[in-house]
Engineer: 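Structure below; questions to follow.
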There are 2 protein chains.
Amino acid sequence: MTGAPSYPAAHARLLAYMKAHGLKLTRQREQILEAFLGAEKHVGVEELLGLVRRLQPGIGHATVYRTMKLFVDSGIATERKFSEGATLYEPEDGGHHHHDHLICTRCGTIVEWENEAIEELQEQVARQHGFVLTDHKMELYGLCSNCQKKA
Amino acid sequence: MTGAPSYPAAHARLLAYMKAHGLKLTRQREQILEAFLGAEKHVGVEELLGLVRRLQPGIGHATVYRTMKLFVDSGIATERKFSEGATLYEPEDGGHHHHDHLICTRCGTIVEWENEAIEELQEQVARQHGFVLTDHKMELYGLCSNCQKKA
DNA sequence: GTCACTGCAAAGCCTTTGCACTGTG
DNA sequence: CACAGTGCAAAGGCTTTGCAGTGAC
């Protein structure tokens, strides 16, 4: 813990967003940011809370929920609601290349992938129905190679 | 209201499932089935409850929840959890052709579509990562043509 | 008659909100 | 020092569960 942010790009983006909106950078927000980016996978609020509490035992649910919402608004995080249970968050890297998920229904492994051809077909489908696309969500569920062996 | 089921195929499938599992066909279940299939679109529990209460004012939430779960297990219904709010159900027609959804983020209209090419690409993606696909879920969000005009 | 089903109300998740206190800018 | 942010606990949706009474088989 040097005090220097480990993720300068995200940190900068957050600062810019906050400045633009008259918000404040608090210790909690910095710590949540570090924990969130350090996790390097999809994290839920409960898990994040656990991570941050190592540094900041008194922090409450509400703060994490509110902060993650802030991160989403500032473009640092994306919210994912998978089929089961609670919302997970993942870092939104600056480059806007969208990706989707492949999820093992047995062990819960999540693999990220992207496919330009599918994206184009999606646009096509939307156009055919007179829609303008703003977003999409695609999850493939199956068994990963490990779990196939075990099954 | 003749007493004869309006949807003999689904009715039969439900009967078979119940017989096989030692379950009982109650008035409530029949009425929920009629209301569900009659809706001909994605319905949530609350809406279904409203429909069924016209016939059966005293029916409770829990019964509808439990019955929809039964319908899902028996293969009559599919559960869909879209990004916002509550679970919706839709009839699972005997033919297994999968379809996905296009959802207007302004008025909530849901359009069903299917695209063979996308399905194939999905299989390809899964294979590339060593997965065997069992299911998927794809939702496109955007503005329908009506809402584009208004916006 | 049995045993599954029902309706009600209570409890369970996850998430949001209200409020008095705190701390950033 | 103003006003956004925090922590707590309470309240909110949606869904599930426990229980005593009911009704299908």
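Hydrogens, waters and symmetry mates play no part in the numbers below; they use all other heavy atoms, side chains included. Quick note on labels: first sequence line is chain A, next is B, and so on, each numbered from 1.
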Engineer: I'd like to know whether A:His136 forms a side chain to side chain donor-acceptor pair (under 3.5 Å) with A:Asp100, so could you lay out the CA-CA distance, the side-chain angles of the two residues, the decisive distance to 0.1 Å, and finally the verdict.
Structural biologist: CA-CA 9 Å; A:His136 77 252; A:Asp100 293 291; 3.1 Å; yes

Engineer: Just how far, in rounded Å, is P of C:dT6 from CE of B:Met68?
Structural biologist: 13 Å

Engineer: Using whole Å, what does the distance between atom P of nucleotide D:dG5 and atom CD of A:Gln31 come to?
Structural biologist: 16 Å

Engineer: In whole Å, I'd like the distance from the CG atom of A:Leu70 to the C1' atom of C:dT15.
Structural biologist: 17 Å

Engineer: Tell me the interatomic distance from A:Leu49, atom CG, to D:dC8, atom P, rounded to whole angstroms.
Structural biologist: 10 Å

Engineer: Between P on D:dA4 and OH on A:Tyr17, what's the gap in Å once rounded to a whole number?
Structural biologist: 14 Å

Engineer: Which whole-number value in Å describes the distance from B:Leu48 CG to D:dC14 P?
Structural biologist: 15 Å

Engineer: Just N and O in the side chain of A:Gln28: are any of them under 4.0 Å from OP1 or OP2 of C:dT24?
Structural biologist: no

Engineer: So which pairs with a foot in residues 39-65 of chain B pass salt bridge (Lys or Arg N to Asp or Glu O under 4.0 Å), sequence neighbours left out?
Structural biologist: B:Lys41-B:Glu47

Engineer: What is the separation between atom CD on A:Glu30 and atom P on D:dA4, rounded to the nearest whole Å?
Structural biologist: 20 Å

Engineer: Could you tell me how far apart A:Arg53 (CZ) and D:dT6 (P) are, to the nearest whole angstrom?
Structural biologist: 14 Å

Engineer: Using a 4.0 Å heavy-atom cut-off to protein, can you give one letter per nucleotide of nucleotides 15-25 of chain D, 5' to 3': B if the base is in contact, S if only the sugar-phosphate is, - if neither?
Structural biologist: BBBB----BBS

Engineer: Would B:Glu90 and B:His99 count as having a side-chain donor-acceptor pair, cut-off 3.5 Å?
Structural biologist: yes

Engineer: Angle between ring planes, B:Phe36 versus B:Phe71, binned at 30° and 60°: parallel, tilted or perpendicular?
Structural biologist: tilted

Engineer: Atom OG in A:Ser145, atom CZ in B:Arg127: separation rounded to 0.5 Å?
Structural biologist: 14.5 Å

Engineer: Between B:Glu92 and B:Thr78, do the side chains contain a donor N or O and an acceptor N or O under 3.5 Å apart?
Structural biologist: yes

